[in-house]
Amino acid sequence: MSTTTAGNAARDDRPTTGGPADSAFVRACRREPVPHTPVWFMRQAGRSLPEYREVRAGIGMLDSCRRPELVREITLQPVRRHHVDAAILFSDIVVPVAAAGVDLDIVPGTGPVVAEPVRTLADVERIRPIDPADVSYVDEAVRLLVGELGNTPLIGFAGAPFTLASYLVEGGPSRNHLRTKALMHGAPDIWHALLGRLAEITLTFLRVQIAAGVSAVQLFDSWAGALSEADYRRFVLPHSAAVLGGLAGAGVPRIHFGVGTAELLGAMSEAGADVVGVDWRTSLDAATVRIGPDKAIQGNLDPALLFAPWPVIEAEVRRVLAEGANTPGHIFNLGHGVLPETDPEVLTRVVALVHEASAS
Ligand code: CP3
């Protein structure tokens, strides 16, 4: 695939009725009427599923992301099992960074680990922009999936510049983001060069997925909640806005999500998404006020509550649906990803309950 094809992400040949563009999920993203509240789960494909653990046995995480047939199988598993309203491409946020030449690995039980953390301008300059050909396996996996999913939409995704930068600067997962914040405040020129480069890589990566046929994209700024609103606005928002704004004409809804972002929801909404994801700490009622009336909302059942007895889960699902009903455009999800120990049968039951309780 050529750069021009992926760069021109607009898909004006999409049907206006039928197909994934007319699914409950995409309609809710656009704040159009829906037959039921659509539901999917962040990390729905993953360790909670025995069939996932089986196909992943003996294959490293990054290696798995580069095998289109395996990505196809893992992405479809939760759709078959839970009847969710959308599939999400199986991958990881560090895949495009590895494609850009950064030496990193995903260590089981830890997460992404970077061999040489990024601290200087020379380190930033070694992260090269990516070409669509660098991630041809993603293009291939998306095309396989779109061919098979029929009317079920496929969500593409990427990590937002700040969350990616946190892994690169810290060298791995971090609780306090010490070195990240030290670089941001101590060397703003290096910081902005790093985030600018990551935004460029992320934009190319999402355009490849859109050109290959995904029906929506989600930009994960999972760790943005570590920042004050002032720091978020100064050091992060312009770069996330470059990614989301760069996709404005692409013809697919853009979802933006972070954890612990109660104080940031207003600022995050300014970054240019069509849908804002909310964690479980903020009620959807309160979140809607902060996000504003012109966006759809996604969330926000506490993933830990899936370990409570069913009557508790049922009451919580109904509460989230009632709070979401005040906004045109609610996509039911968890407030963060499915925890690996979750009983998959509970997830299947939650999907059925959301569909039944919200059917109009
Ligand atoms: O979750 C699983 O069990 C599947 C396998 C897996 C993924 N990433 C898939 C993934 C594993 C083991 C990882 C490693 C990883 N990468 C971790 C987990 C460390 C661990 O062992 O518990 C983390 C935290 C990362 C970094 C990362 N990847 C972040 C911060 C995000 C954004 C979403 C989030 O959880 O905040 C990702 C995206 C990611 N990794 C997805 C998947 C399937 C996203 C798509 C989705 O929501 O399904």
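Every heavy atom of this structure was used, including side-chain atoms; hydrogens, water molecules and symmetry mates were not. Each ligand, and each atom within it, is numbered from 1 in the order the structure gives. None of the values given here were measured: they were computed from a predicted structure.
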(Q) So that I can tick it off, tell me whether Arg233 and Glu270 are bridged by a salt bridge, with the cut-off set at under 4.0 angstrom between side-chain N and carboxylate O. (A)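 So Glu270 pairs with Arg233 through a salt bridge.
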
*asked:* Can you tell whether the side chains of Arg81 and Glu345 come within less than 4.0 Å, N to carboxylate O?
replied: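 Here Arg81 does not pair with Glu345 in a salt bridge, since their nearest N and O are not under 4.0 Å apart.
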
Which residue owns the protein heavy atom closest to [atom], what's the atom, and how far is it?
atom	value
atom 29 (C) of ligand 1	Ile93 CD1, 3.5 Å
atom 2 (C) of ligand 1	Arg47 NE, 3.5 Å
atom 32 (C) of ligand 1	Ser222 OG, 3.3 Å
atom 39 (C) of ligand 1	Arg43 NE, 3.5 Å
atom 26 (C) of ligand 1	Tyr167 OH, 3.4 Å

Margin query: Centre-to-centre under 6.0 Å for His185 and Phe235, is that the case here?
Written below: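 Yes, ring centres under 6.0 Å apart.
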
Are His239 and His192 close enough that their ring centres sit under 6.0 Å apart?
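Under 6.0 Å, so yes.
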
With heavy-atom distances below 4.0 Å as the criterion, list the atoms of ligand 1 near [X].
X	value
Ile106	14 (C)
Pro112	16 (N), 25 (C), 26 (C)
Tyr52	4 (C), 5 (C)
Gly109	21 (O)
Phe220	32 (C), 33 (C), 47 (O)
Ser91	9 (C), 10 (C), 39 (C), 40 (N), 41 (C), 42 (C), 43 (C)

Check: Should Leu353 and Val79 be counted in the same cluster of Ile, Leu, Val, Met, Phe, Trp and Tyr side chains packed under 4.5 Å apart?
Finding: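 Hydrophobic grouping puts Leu353 with Val79.
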
Closest by any non-hydrogen atom to [atom]: pick that one out of [options].
atom	options	result
atom 6 (C) of ligand 1	Met42, Arg56, His336, Met61	Met61
atom 45 (C) of ligand 1	Phe157, Trp223, Phe257	Phe157
atom 40 (N) of ligand 1	Leu62, Asp92, Val95	Asp92

Angle between ring planes, Phe41 versus His82, binned at 30° and 60°: parallel, tilted or perpendicular?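 Judged by the thresholds at 30° and 60°, the geometry between Phe41 and His82 is perpendicular.
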
Should Arg80 and Glu73 be marked as a salt bridge (Lys or Arg N to Asp or Glu O under 4.0 Å) after you check the CA-CA gap, both sets of side-chain angles, and the distance that decides it?
-> CA-CA 10 Å; Arg80 287 188 202 120; Glu73 168 57 23; 2.9 Å; yes

TODO: Classify the contact between Thr110 and ligand 1 as side chain, backbone, both or neither, using a heavy-atom distance cut-off of under 4.0 Å.
DONE: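 The part of Thr110 near ligand 1 is the backbone, not the side chain.
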
Give a yes or no on this: more than 12 heavy atoms of other residues, nucleotides or ligands lie within 6.0 Å of atom CD of Glu116.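 Incorrect, the count does not exceed 12.
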
* **Over 12 foreign heavy atoms within 6.0 Å of CD, Glu263** =>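 Count not over threshold, so no.
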
Practice prompt. Determine whether the side chains of His336 and Asp302 contain a donor N or O and an acceptor N or O closer than 3.5 Å.
Written response: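 The criterion, which ignores hydrogens and geometry beyond distance, is not satisfied for Asp302 and His336.
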
